[in-house]
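Okay, structure first, notes after.
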Amino acid sequence: MTEAERIIGTPETPGTSDPSESSSAEHAADAADAAETADAAPEAGEGPEADEPRGRRRIAVLVGVAVVAYLIDLISKMIVVAKLEHQPSIEVVGDLLRFTAVRNPGAAFGIGEAFTVIFTLIAASVIVVIVRLARKLYSLPWAVALGLLLGGALGNLTDRIFRSPGVFEGAVVDFIAPAHFAVFNLADTAIVSGGILIVILSFRGLDPDGTVHKD
(Lines give C-alpha, C1' and ligand atoms only; values in the text may rest on other atoms or scores of the structure.)
Protein backbone atom coordinates (compact mmCIF):
# COMPACT_ATOMS: atom_id res chain seq x y z
CA MET A 1 0.00 0.00 0.00
CA THR A 2 2.76 2.34 0.89
CA GLU A 3 4.56 1.49 -2.33
CA ALA A 4 1.38 2.13 -4.36
CA GLU A 5 0.84 5.52 -2.77
CA ARG A 6 4.45 6.42 -3.52
CA ILE A 7 4.02 5.53 -7.20
CA ILE A 8 0.55 7.10 -7.69
CA GLY A 9 1.21 10.12 -5.53
CA THR A 10 -0.64 11.45 -2.51
CA PRO A 11 -3.68 13.54 -3.58
CA GLU A 12 -3.68 17.15 -2.47
CA THR A 13 -6.07 18.10 0.26
CA PRO A 14 -8.92 20.34 -1.04
CA GLY A 15 -8.48 24.02 -0.16
CA THR A 16 -4.70 23.84 -0.04
CA SER A 17 -2.36 25.28 -2.67
CA ASP A 18 1.25 26.02 -3.29
CA PRO A 19 2.23 29.27 -1.41
CA SER A 20 4.41 30.38 -4.32
CA GLU A 21 1.48 30.12 -6.73
CA SER A 22 -0.77 32.19 -4.40
CA SER A 23 1.88 34.89 -4.12
CA SER A 24 2.24 35.08 -7.91
CA ALA A 25 -1.52 35.40 -8.34
CA GLU A 26 -1.67 38.23 -5.79
CA HIS A 27 1.16 40.09 -7.56
CA ALA A 28 -0.63 39.72 -10.90
CA ALA A 29 -3.87 41.06 -9.44
CA ASP A 30 -2.05 44.05 -7.92
CA ALA A 31 -0.40 44.79 -11.26
CA ALA A 32 -3.76 44.66 -13.03
CA ASP A 33 -5.29 47.05 -10.48
CA ALA A 34 -2.38 49.46 -10.91
CA ALA A 35 -2.79 49.39 -14.69
CA GLU A 36 -6.52 50.13 -14.39
CA THR A 37 -5.80 53.02 -12.02
CA ALA A 38 -3.25 54.49 -14.46
CA ASP A 39 -5.71 54.21 -17.36
CA ALA A 40 -8.47 55.87 -15.34
CA ALA A 41 -6.27 58.80 -14.27
CA PRO A 42 -6.51 61.92 -16.54
CA GLU A 43 -3.59 62.54 -18.79
CA ALA A 44 -1.25 65.44 -18.05
CA GLY A 45 -2.46 68.68 -19.55
CA GLU A 46 -6.15 67.68 -19.56
CA GLY A 47 -9.05 68.79 -17.40
CA PRO A 48 -10.16 72.09 -15.87
CA GLU A 49 -6.99 72.40 -13.77
CA ALA A 50 -4.84 72.48 -16.92
CA ASP A 51 -7.16 75.00 -18.62
CA GLU A 52 -7.03 77.52 -15.77
CA PRO A 53 -3.44 78.74 -16.36
CA ARG A 54 -4.11 78.98 -20.09
CA GLY A 55 -7.27 80.98 -19.44
CA ARG A 56 -5.43 83.33 -17.12
CA ARG A 57 -2.76 83.93 -19.76
CA ARG A 58 -5.41 84.81 -22.34
CA ILE A 59 -7.05 87.24 -19.91
CA ALA A 60 -3.65 88.81 -19.27
CA VAL A 61 -3.24 89.29 -23.04
CA LEU A 62 -6.70 90.86 -23.28
CA VAL A 63 -5.96 93.27 -20.42
CA GLY A 64 -2.51 94.10 -21.81
CA VAL A 65 -3.82 94.90 -25.28
CA ALA A 66 -6.67 96.95 -23.80
CA VAL A 67 -4.32 98.98 -21.58
CA VAL A 68 -1.92 99.70 -24.46
CA ALA A 69 -4.76 100.74 -26.80
CA TYR A 70 -6.33 102.90 -24.09
CA LEU A 71 -3.10 104.67 -23.13
CA ILE A 72 -2.11 105.37 -26.75
CA ASP A 73 -5.54 106.87 -27.41
CA LEU A 74 -5.52 108.89 -24.19
CA ILE A 75 -2.02 110.31 -24.74
CA SER A 76 -2.75 111.18 -28.36
CA LYS A 77 -5.90 113.08 -27.36
CA MET A 78 -4.06 114.97 -24.64
CA ILE A 79 -1.45 116.07 -27.17
CA VAL A 80 -4.13 117.08 -29.68
CA VAL A 81 -6.04 119.15 -27.12
CA ALA A 82 -2.87 120.84 -25.89
CA LYS A 83 -1.14 121.48 -29.21
CA LEU A 84 -3.64 121.28 -32.06
CA GLU A 85 -7.01 122.49 -30.83
CA HIS A 86 -7.88 125.97 -32.18
CA GLN A 87 -4.83 125.71 -34.45
CA PRO A 88 -4.54 125.18 -38.23
CA SER A 89 -4.59 121.60 -39.49
CA ILE A 90 -1.30 119.76 -39.95
CA GLU A 91 -0.71 118.16 -43.32
CA VAL A 92 0.70 114.65 -42.87
CA VAL A 93 0.48 113.35 -46.44
CA GLY A 94 -0.42 116.41 -48.47
CA ASP A 95 -4.19 116.64 -48.91
CA LEU A 96 -4.63 112.90 -48.41
CA LEU A 97 -4.16 112.92 -44.63
CA ARG A 98 -4.31 115.73 -42.10
CA PHE A 99 -4.39 116.10 -38.34
CA THR A 100 -7.12 118.47 -37.19
CA ALA A 101 -8.78 118.72 -33.77
CA VAL A 102 -12.53 118.08 -33.83
CA ARG A 103 -14.99 117.58 -30.96
CA ASN A 104 -17.41 114.81 -31.92
CA PRO A 105 -20.59 114.30 -29.84
CA GLY A 106 -21.65 111.32 -31.97
CA ALA A 107 -20.38 107.79 -32.47
CA ALA A 108 -17.33 106.65 -34.37
CA PHE A 109 -16.60 108.66 -37.52
CA GLY A 110 -19.09 111.36 -36.51
CA ILE A 111 -22.23 109.22 -36.83
CA GLY A 112 -25.35 110.09 -34.82
CA GLU A 113 -24.36 113.37 -33.19
CA ALA A 114 -27.79 113.73 -31.54
CA PHE A 115 -27.52 110.47 -29.59
CA THR A 116 -24.52 111.06 -27.35
CA VAL A 117 -26.09 109.55 -24.21
CA ILE A 118 -27.26 106.47 -26.11
CA PHE A 119 -23.81 105.86 -27.54
CA THR A 120 -22.35 106.27 -24.05
CA LEU A 121 -24.67 103.55 -22.71
CA ILE A 122 -23.82 101.30 -25.66
CA ALA A 123 -20.09 101.70 -25.00
CA ALA A 124 -20.61 100.85 -21.32
CA SER A 125 -22.65 97.77 -22.28
CA VAL A 126 -19.92 96.58 -24.66
CA ILE A 127 -17.38 96.82 -21.85
CA VAL A 128 -19.61 94.75 -19.53
CA VAL A 129 -20.11 92.09 -22.21
CA ILE A 130 -16.36 91.83 -22.85
CA VAL A 131 -15.62 91.48 -19.13
CA ARG A 132 -18.20 88.70 -18.79
CA LEU A 133 -16.93 86.93 -21.92
CA ALA A 134 -13.37 87.00 -20.59
CA ARG A 135 -14.25 84.32 -18.02
CA LYS A 136 -14.54 81.74 -20.82
CA LEU A 137 -11.69 83.03 -22.95
CA TYR A 138 -9.09 80.46 -24.09
CA SER A 139 -8.26 81.77 -27.59
CA LEU A 140 -5.28 84.09 -28.12
CA PRO A 141 -6.67 85.77 -31.29
CA TRP A 142 -9.95 86.42 -29.50
CA ALA A 143 -8.04 87.89 -26.56
CA VAL A 144 -6.32 90.35 -28.90
CA ALA A 145 -9.59 91.25 -30.66
CA LEU A 146 -11.50 91.78 -27.42
CA GLY A 147 -8.57 93.75 -25.99
CA LEU A 148 -8.72 96.14 -28.93
CA LEU A 149 -12.47 96.55 -28.52
CA LEU A 150 -12.16 97.08 -24.77
CA GLY A 151 -9.34 99.62 -25.05
CA GLY A 152 -11.13 101.58 -27.77
CA ALA A 153 -14.44 101.57 -25.94
CA LEU A 154 -12.78 102.74 -22.72
CA GLY A 155 -10.95 105.50 -24.60
CA ASN A 156 -14.10 107.02 -26.06
CA LEU A 157 -16.10 106.38 -22.88
CA THR A 158 -13.52 108.41 -20.94
CA ASP A 159 -14.24 111.36 -23.25
CA ARG A 160 -18.00 110.90 -22.82
CA ILE A 161 -17.71 111.04 -19.06
CA PHE A 162 -15.03 113.65 -18.42
CA ARG A 163 -15.13 116.11 -21.32
CA SER A 164 -17.53 118.99 -21.86
CA PRO A 165 -20.40 119.66 -22.04
CA GLY A 166 -21.12 117.21 -19.21
CA VAL A 167 -21.11 113.68 -17.81
CA PHE A 168 -22.29 111.09 -20.37
CA GLU A 169 -22.65 113.92 -22.91
CA GLY A 170 -19.00 114.72 -23.47
CA ALA A 171 -17.70 115.17 -27.00
CA VAL A 172 -15.02 112.74 -28.19
CA VAL A 173 -11.74 114.21 -29.45
CA ASP A 174 -11.11 113.23 -33.09
CA PHE A 175 -8.10 114.32 -35.10
CA ILE A 176 -7.24 111.87 -37.92
CA ALA A 177 -8.72 113.37 -41.10
CA PRO A 178 -8.23 111.40 -44.33
CA ALA A 179 -9.38 113.03 -47.55
CA HIS A 180 -13.05 112.43 -48.38
CA PHE A 181 -13.63 110.56 -45.13
CA ALA A 182 -14.88 111.25 -41.60
CA VAL A 183 -12.52 112.43 -38.87
CA PHE A 184 -11.72 109.76 -36.27
CA ASN A 185 -9.28 108.89 -33.49
CA LEU A 186 -7.12 105.96 -32.39
CA ALA A 187 -9.88 104.54 -30.19
CA ASP A 188 -12.09 104.25 -33.28
CA THR A 189 -9.20 102.54 -35.06
CA ALA A 190 -8.85 100.00 -32.23
CA ILE A 191 -12.60 99.31 -32.22
CA VAL A 192 -12.77 98.79 -35.98
CA SER A 193 -9.63 96.63 -35.98
CA GLY A 194 -11.01 94.45 -33.19
CA GLY A 195 -14.35 94.14 -34.99
CA ILE A 196 -12.70 93.09 -38.24
CA LEU A 197 -10.61 90.49 -36.41
CA ILE A 198 -13.73 89.09 -34.72
CA VAL A 199 -15.46 88.76 -38.10
CA ILE A 200 -12.44 86.90 -39.50
CA LEU A 201 -12.31 84.57 -36.50
CA SER A 202 -16.03 83.88 -36.78
CA PHE A 203 -15.72 82.98 -40.48
CA ARG A 204 -12.85 80.66 -39.61
CA GLY A 205 -15.03 78.92 -37.03
CA LEU A 206 -12.89 79.80 -34.00
CA ASP A 207 -14.84 80.43 -30.80
CA PRO A 208 -13.63 82.48 -27.80
CA ASP A 209 -13.20 79.28 -25.76
CA GLY A 210 -10.69 77.99 -28.31
CA THR A 211 -12.91 75.39 -29.97
CA VAL A 212 -13.11 75.22 -33.75
CA HIS A 213 -16.35 74.34 -35.50
CA LYS A 214 -17.20 73.95 -39.16
CA ASP A 215 -20.76 74.56 -40.33
Side-chain angles (χ1 to χ4, degrees), residues 41-78 80 97 104 106-112 115-163 168 170 172-176 178 181-215:
E43 297 182 2
E46 295 182 355
E49 293 81 1
D51 286 339
E52 288 181 2
R54 186 162 62 99
R56 287 195 292 267
R57 289 194 294 269
R58 300 300 181 260
I59 293 175
V61 171
L62 186 155
V63 173
V65 172
V67 169
V68 171
Y70 176 76
L71 290 179
I72 291 176
D73 176 70
L74 180 63
I75 293 171
S76 66
K77 289 174 179 175
M78 293 173 63
V80 168
L97 178 64
N104 173 25
F109 308 111
I111 301 172
F115 302 98
T116 304
V117 176
I118 295 176
F119 289 128
T120 302
L121 296 177
I122 292 175
S125 301
V126 169
I127 293 171
V128 172
V129 170
I130 293 174
V131 171
R132 291 177 61 87
L133 187 60
R135 295 182 299 177
K136 300 180 180 180
L137 183 63
Y138 295 100
S139 167
L140 180 59
W142 271 93
V144 174
L146 293 178
L148 290 171
L149 280 178
L150 181 58
L154 286 172
N156 284 339
L157 184 61
T158 300
D159 285 355
R160 306 278 187 203
I161 295 175
F162 295 105
R163 296 193 187 278
F168 299 125
V172 174
V173 175
D174 290 336
F175 62 95
I176 304 174
F181 196 73
V183 184
F184 58 96
N185 57 41
L186 294 180
D188 298 332
T189 304
I191 292 172
V192 172
S193 299
I196 292 174
L197 182 54
I198 287 175
V199 171
I200 294 173
L201 295 175
S202 299
F203 274 113
R204 292 173 61 89
L206 181 62
D207 292 335
D209 61 0
T211 58
V212 179
H213 62 86
K214 295 182 179 179
D215 297 332

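All values below were derived from every heavy atom in this structure, side-chain atoms included, with hydrogens, water molecules and symmetry-related copies excluded. Here the structure is a predicted model, which is why all the values come from computation and not from measurement.
For the pair Leu146 and Val65, the minimum side-chain heavy-atom distance is 4.5 Å or more. The shortest side-chain heavy-atom distance between Leu154 and Leu74 does not fall under the 4.5 Å cut-off.
Atom CG in Leu137 sits 11.5 Å away from atom CG in Asp207 (nearest 0.5 Å). To the nearest 0.5 Å, the span separating CZ on Phe181 from CG on Leu97 amounts to 12.0 Å. One distance of note links CG of Leu62 with CG of Leu140; it measures 10.5 Å at 0.5 Å rounding. Distance check: Phe184 CZ to Asp174 CG gives 9.0 Å after rounding to the nearest 0.5 Å. Rounding to the nearest 0.5 angstrom, the gap separating the CH2 atom in Trp142 from the CD1 atom in Ile130 is 10.0 Å. Rounded to the nearest 0.5 Å, atoms CD1 (Ile59) and OH (Tyr138) are 8.0 Å apart.
Applying the side-chain contact (heavy atoms from CB on, under 4.5 Å) criterion to Ser125, with sequence neighbours excluded, gives no partner residue. By the side-chain contact (heavy atoms from CB on, under 4.5 Å) test, Ile75 pairs with Ile79, sequence neighbours left out. Partners of Ser139 under the side-chain hydrogen bond (donor to acceptor under 3.5 Å, both in side chains) rule, at least two apart in sequence or in another chain, do not exist in this structure. Applying the side-chain contact (heavy atoms from CB on, under 4.5 Å) criterion to Leu197, with sequence neighbours excluded, gives Val144, Ala145, Leu201. Residues passing the side-chain contact (heavy atoms from CB on, under 4.5 Å) test with Leu71 are Val67, sequence neighbours excluded.
When atom types are taken as modelled, the side chain of Asp209 and the backbone of Thr211 share a donor-acceptor pair closer than 3.5 angstrom. With Ser193 contributing its side chain and Thr189 its backbone, the two residues share a donor-acceptor pair below 3.5 Å.
Considering Leu150, Leu186, Asn185, Asn156 as possible partners of Ile191, the one that fulfils the side chain to side chain contact (heavy atoms under 4.5 Å, CB included) test is Asn156.
Considering all non-hydrogen atoms of both residues, Leu157 and Ala123 come closest at CD1-CB, 4.4 Å. Pro141 approaches Leu206 most closely through the heavy-atom pair CG-CD2, 4.1 Å. Shown here for Ala187 and Gly152, the closest heavy-atom pair between the two residues is CB-O, 3.5 Å.
Sorted by first and then second residue, the pairs that involve residues 68-78 and meet salt bridge (Lys or Arg N to Asp or Glu O under 4.0 Å), not counting sequence neighbours, are Asp73-Lys77, Lys77-Asp159.
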